[in-house]
Protein chains: 2
Amino acid sequence: MTTTALESLGPFQQLSEGGRQLLRRGAVLAQCGPPAPILQPGQSISGAYFVVRGRLRVYAVAPDGTEATLYFINPGETCVFALNSLFNDLRYPAWVQADADTTVALIPGPVFRELFQKETSIQDVTVRALSTLVFRLMDELEEVHAYKLDQRLANLLLIHASAAGELAMTQQQMADHLGTTREVVARLMRDLVAHGYVETGRGVTRIKNADGLAGLIATPGK
Amino acid sequence: MTTTALESLGPFQQLSEGGRQLLRRGAVLAQCGPPAPILQPGQSISGAYFVVRGRLRVYAVAPDGTEATLYFINPGETCVFALNSLFNDLRYPAWVQADADTTVALIPGPVFRELFQKETSIQDVTVRALSTLVFRLMDELEEVHAYKLDQRLANLLLIHASAAGELAMTQQQMADHLGTTREVVARLMRDLVAHGYVETGRGVTRIKNADGLAGLIATPGK
DNA sequence: CACCGTCTGTACCAAAAGCTACACAGAGGT
DNA sequence: ACCTCTGTGTAGCTTTTGGTACAGACGGTG
């Protein structure tokens, strides 16, 4: 695979010719996959990461080992966190793991800084990416403090389910996502099943009554 | 007060002459103070806010009315949230309240956009401000999910105490800050007093044993 | 088919945090 | 001096969440 895949990505479509050449010379594509993390806390960042295909999961790990997802990075998006570390010369403060079959482009720090200096479109993309991340983190924070676990689980199901209403995730993965434990997820899931909102299977959850789930969330609070 | 106070602020010291003029014509200074919020969720943002003096508190309000501080904005910093809404044309998703005796500069949207286009230093400031915010939110999220309330309270005391080891905050304010209720803060405070870590008074908490508090936090988790 | 690792279901107990209710204490105004 | 408002101290109960322990179910592999 060449960097042309990268150039066709949204953020880079409006680059000037000089910018394109810079990108071609500097960018590197890499194949990633679970379970090895591709970034760890404290690691120094060598450049800006863009997701070409697949998805990255950025998460925190508590001292006791429980995880909690901070946000996902989808194709065409950049790991603003790394970007962050890039501009502030700070160390990366979280873990990043790739979904299966993920391709990531790494644009070395100096190259990206130069692009940022010269290309308006890159400035825009950068600010917008940071903005978006701020909103996501904000939402996450508000969710954590305003909603109960069952509501957050319902939300997770609704948001990540496929169009067919299926979610291919083990309960352990859901627990990691929400920052809780598997047992709790199992317990909450039992209630959801009892209400007829979902059906559970090995590694998959099927939504039977999306409105019911939505109703759970709509009811204010904790 | 004139906008010269604004120009002497860190972010604007390196402006070109044109930028300065733009700033002088466009910026407006305003005095703010509690308890009236100066920004509310859904409000459309008319420009970028910079804190000249005092402090702004950005917080979320849950449906049940409990608050939780997201972050503070100190002098020389900008309300990146507003910035955010400015670039994304999104509505402001949180509440902002000023401490007593706070001066805020409002740079109208079009003016700020023009400054961002033309002035490298403004681009830098913007990205850096967004970056910093991302880190703060990240930390906050990690704290919420990894630490118990008593640890977070200890942390609050240590971080916000004056050099003399005093914190001039009511327990209600601490509760709002942590996203909990006053009673819980009182209960936790009793334990801290029992351990001899702090002394409480009306509207003020004195730290007697900072190491003890720090020890609380150091012990991993939840 | 037997085995084994992974995933799910569930029962029970413990800890943390929220809620309600009320007493008291200090500060400031009349 | 009295009253009121705001802030603090405390008790007891409920709900939510976490932790431990174990049983059973499913799927893949030899």
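The side-chain heavy atoms of A:V134 and B:L130, taken from C-beta on, include a pair separated by under 4.5 Å. The side-chain heavy atoms of B:Y197 and B:I207, taken from C-beta on, include no pair separated by under 4.5 Å.
One finds no side-chain N or O of A:Q172 lying less than 4.0 angstrom from the OP1 or OP2 phosphate oxygen of C:dT8. Applying the 4.0 Å criterion to OP1 and OP2 of D:dT17, one finds that A:T181 has every side-chain N and O outside that range. A close approach under 4.0 Å does occur between a side-chain nitrogen or oxygen of B:T200 and OP1 or OP2 of D:dG9.
Of all nucleotides listed (D:dG9, D:dG7, D:dT17), D:dT17 comes nearest to the side chain of A:V184. With C:dT20, D:dT20, D:dT6 as the candidates, the nucleotide lying closest to the side chain of B:R202 is D:dT6. Listed candidates were D:dT8, C:dG9, D:dT10. Nearest to the side chain of A:Q171 is C:dG9. If you check D:dT16, D:dG9, C:dG18 against the side chain of A:K148, the one that comes closest is D:dT16.
Rounded to whole Å, atom C1' of D:dT8 lies 15 Å from atom CG of B:L192. Atom CD in A:E183 sits about 14 Å away from atom P in C:dA11, given to the nearest Å. For the pair A:L188 CG and D:dG18 P, the interatomic distance rounds to 9 Å; values are reported in whole Å. Computed from coordinates, the A:R187 CZ to D:dG19 P distance equals 11 Å when rounded to whole Å. Nucleotide C:dT10 holds its P atom 13 Å from the CE atom of A:M189, rounded to whole Å. One interatomic measurement links the two molecules: CG of A:L153 to C1' of D:dT17, which rounds to 14 Å at whole-angstrom precision. The CD atom of B:E199 sits 16 Å away from the C1' atom of D:dG9 (whole-angstrom rounding). Atom CD of A:Q151 is separated from atom P of D:dT15 by 16 Å (rounded to the nearest Å).
Counting non-hydrogen atoms under 4.0 angstrom, B:R190 reaches the backbone sugars and phosphates but no base.
Side-chain atoms of B:R182 come within donor-acceptor range of the base of D:dG9, with a qualifying N/O pair under 3.5 Å.
In summary, B:R57 and B:E67 engage in a salt bridge, as defined by a charged side-chain N under 4.0 Å from a carboxylate O.
For the pair B:R55 and B:F72, the distance from NZ or CZ to the six-membered ring centre is under 6.0 Å and the angle to the ring normal is within 45 degrees.
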- Going through the checks in order, is the side-chain hydrogen bond (donor to acceptor under 3.5 Å, both in side chains) test met by B:D176 and B:Q172? CA-CA 6 Å; B:D176 286 346; B:Q172 181 64 56; 3.1 Å; yes
